[in-house]
**Student:** 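This is the structure I have questions about; it appears just below.
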Amino acid sequence: MGAKMNAISLDATDCRILTVLQNEGRISNLDLAERISLSPSACLRRLRLLEEQGVIERYRACLNREALGLELEAFVQVSMRNDQENWHERFATAVREWPEVVAAFVVTGESHYLLRVLAHSLKHYSDFVLSKLYKAPGVMDIRSNIVLQTLKEDSGVPVTLTPTGAPSDVRSRA
């Protein structure tokens, strides 16, 4: 979400490492090495290289929002009045301070932003919209889409080789 990076060329072993880690982030290096048929030292070298190159940004736990009482999920389109000075910067700063907003995107189309919002209840969501979102500087229109059912949700990234099936550059591998 910052500056654009050049894509890193991955080989099949890198792809297998990344696929396993996206599903089992706490797997030990020994188990990971066994799963992808590498020695533990070679596996660890590759893993460290993927971290250094920024392919692996961080490790985190996936929490069950419903177990934490966050029963309402909404996707919210926000349109802004762009006649106010620094409207984008001011709104972006406000969004980052709201814990209810778990993802925010600048988008094309009829609105300026798309927010993913989690709330404990309809009342909590309503309070968020009325006391925070509508009061944000420059907000002109809000359109909410309440999620009724999630068909697919995966925070992972598809890990594949280049379209030719081979890495596009050559680099030393363990």
Side-chain angles (χ1 to χ4, degrees), residues 1-78 88-89 91-93 95-119 143-174:
M1 295 160 314
K4 184 177 176 180
M5 296 179 43
N6 290 332
I8 301 292
S9 179
L10 305 173
D11 66 15
T13 302
D14 291 329
C15 291
R16 289 196 320 266
I17 288 171
L18 295 171
T19 299
V20 170
L21 284 177
Q22 284 192 111
N23 292 314
E24 301 175 58
R26 291 184 63 166
I27 192 170
S28 71
N29 182 63
L30 188 62
D31 289 340
L32 178 60
E34 185 177 307
R35 181 89 58 87
I36 61 168
S37 303
L38 275 181
S39 72
S41 60
C43 182
L44 188 59
R45 277 194 302 275
R46 281 178 174 262
L47 185 60
R48 295 294 181 245
L49 183 60
L50 291 167
E51 291 170 346
E52 289 167 12
Q53 292 174 325
V55 175
I56 298 173
E57 286 184 330
R58 66 181 183 249
Y59 296 90
R60 65 188 297 179
C62 295
L63 307 180
N64 182 320
R65 67 179 180 81
E66 290 163 347
L68 295 169
L70 295 164
E71 296 180 3
L72 187 139
E73 178 178 24
F75 288 90
V76 184
Q77 296 171 310
V78 181
H88 171 72
E89 292 79 8
F91 186 73
T93 298
V95 164
R96 289 182 188 105
E97 294 174 1
W98 297 330
E100 294 89 351
V101 177
V102 296
F105 309 93
V106 176
V107 294
T108 61
E110 295 179 19
S111 61
H112 294 97
Y113 302 98
L114 180 63
L115 310 179
R116 180 174 172 227
V117 177
L118 297 180
R143 306 223 175 183
S144 297
N145 294 287
I146 305 295
V147 175
L148 300 176
Q149 182 181 44
T150 300
L151 299 178
K152 179 180 180 180
E153 180 175 53
D154 188 349
S155 61
V157 175
V159 182
T160 59
L161 295 173
T162 61
T164 62
S168 59
D169 66 358
V170 178
R171 56 185 171 149
S172 170
R173 285 283 172 211

**Student:** Enter the distance from Leu38:CG to Ile36:CD1 here, rounded to the nearest 0.5 Å.
**Tutor:** 4.0 Å

**Student:** Distance from Leu18 atom CG to Thr13 atom OG1, nearest 0.5 Å?
**Tutor:** 11.0 Å

**Student:** Using ring pair (Phe, Tyr, Trp, His ring centres under 6.0 Å) as the criterion, list what pairs up with Tyr113, not counting sequence neighbours.
**Tutor:**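 Applying ring pair (Phe, Tyr, Trp, His ring centres under 6.0 Å) to Tyr113 gives His88, Phe91.
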
**Student:** When rounded to the nearest 0.5 angstrom, what distance separates OG in Ser9 from CD in Gln53?
**Tutor:** 9.5 Å

**Student:** Show, in sequence, the C-alpha distance, side-chain angles and deciding distance for Glu24 and Arg35, and conclude whether the salt bridge (Lys or Arg N to Asp or Glu O under 4.0 Å) test is met.
**Tutor:** CA-CA 12 Å; Glu24 301 175 58; Arg35 181 89 58 87; 2.8 Å; yes

**Student:** Measure across Asn29 and Pro40 and return the closest heavy-atom pair with its distance rounded to 0.1 Å.
**Tutor:**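 Nearest pair, atom of Asn29 first, then Pro40: ND2-O, 2.9 Å.
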
**Student:** Could you grab the distance from atom CD1 of Ile27 to atom CD1 of Ile17, nearest 0.5 Å is fine?
**Tutor:** 10.5 Å

**Student:** Would you check if Val102 and Arg65 make a side-chain contact, meaning some heavy-atom pair closer than 4.5 Å?
**Tutor:**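 A side-chain contact under 4.5 Å is absent here.
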
**Student:** Are any non-hydrogen side-chain atoms of Leu50 and Leu10 less than 4.5 angstrom apart?
**Tutor:**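 Heavy-atom side-chain distance check passes, below 4.5 Å.
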
**Student:** Decide side chain to side chain contact (heavy atoms under 4.5 Å, CB included) for Val78 and Ser111; before the verdict, give the C-alpha distance in whole Å, the side-chain angles of both, and the deciding distance to 0.1 Å.
**Tutor:** CA-CA 6 Å; Val78 181; Ser111 61; 5.8 Å; no

**Student:** Does Glu153 have any salt bridge (Lys or Arg N to Asp or Glu O under 4.0 Å) partners at least two apart in sequence or in another chain, and if so, which?
**Tutor:** Arg116

**Student:** Val55 and Asp14: side chain to side chain contact (heavy atoms under 4.5 Å, CB included), yes or no, with the steps?
**Tutor:** CA-CA 10 Å; Val55 175; Asp14 291 329; over 6 Å; no

**Student:** What are the two closest heavy atoms between Cys15 and Val159, and how far apart are they?
**Tutor:**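 Nearest pair, atom of Cys15 first, then Val159: CA-CG1, 3.4 Å.
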
**Student:** Starting at CG of Asn145, measure out to CZ of Phe75 and round the result to the nearest 0.5 Å.
**Tutor:** 9.0 Å

**Student:** Does atom CD (Glu110) have a neighbourhood of more than 12 heavy atoms from anything else shown, all under 6.0 Å?
**Tutor:** no

**Student:** Would Asp11 and Arg46 satisfy side chain to side chain contact (heavy atoms under 4.5 Å, CB included), going step by step from the backbone distance to the final call?
**Tutor:** CA-CA 11 Å; Asp11 66 15; Arg46 281 178 174 262; 3.1 Å; yes

**Student:** Rounded to the nearest 0.5 Å, what separation is found between the CZ atom of Arg48 and the CD1 atom of Ile56?
**Tutor:** 9.0 Å

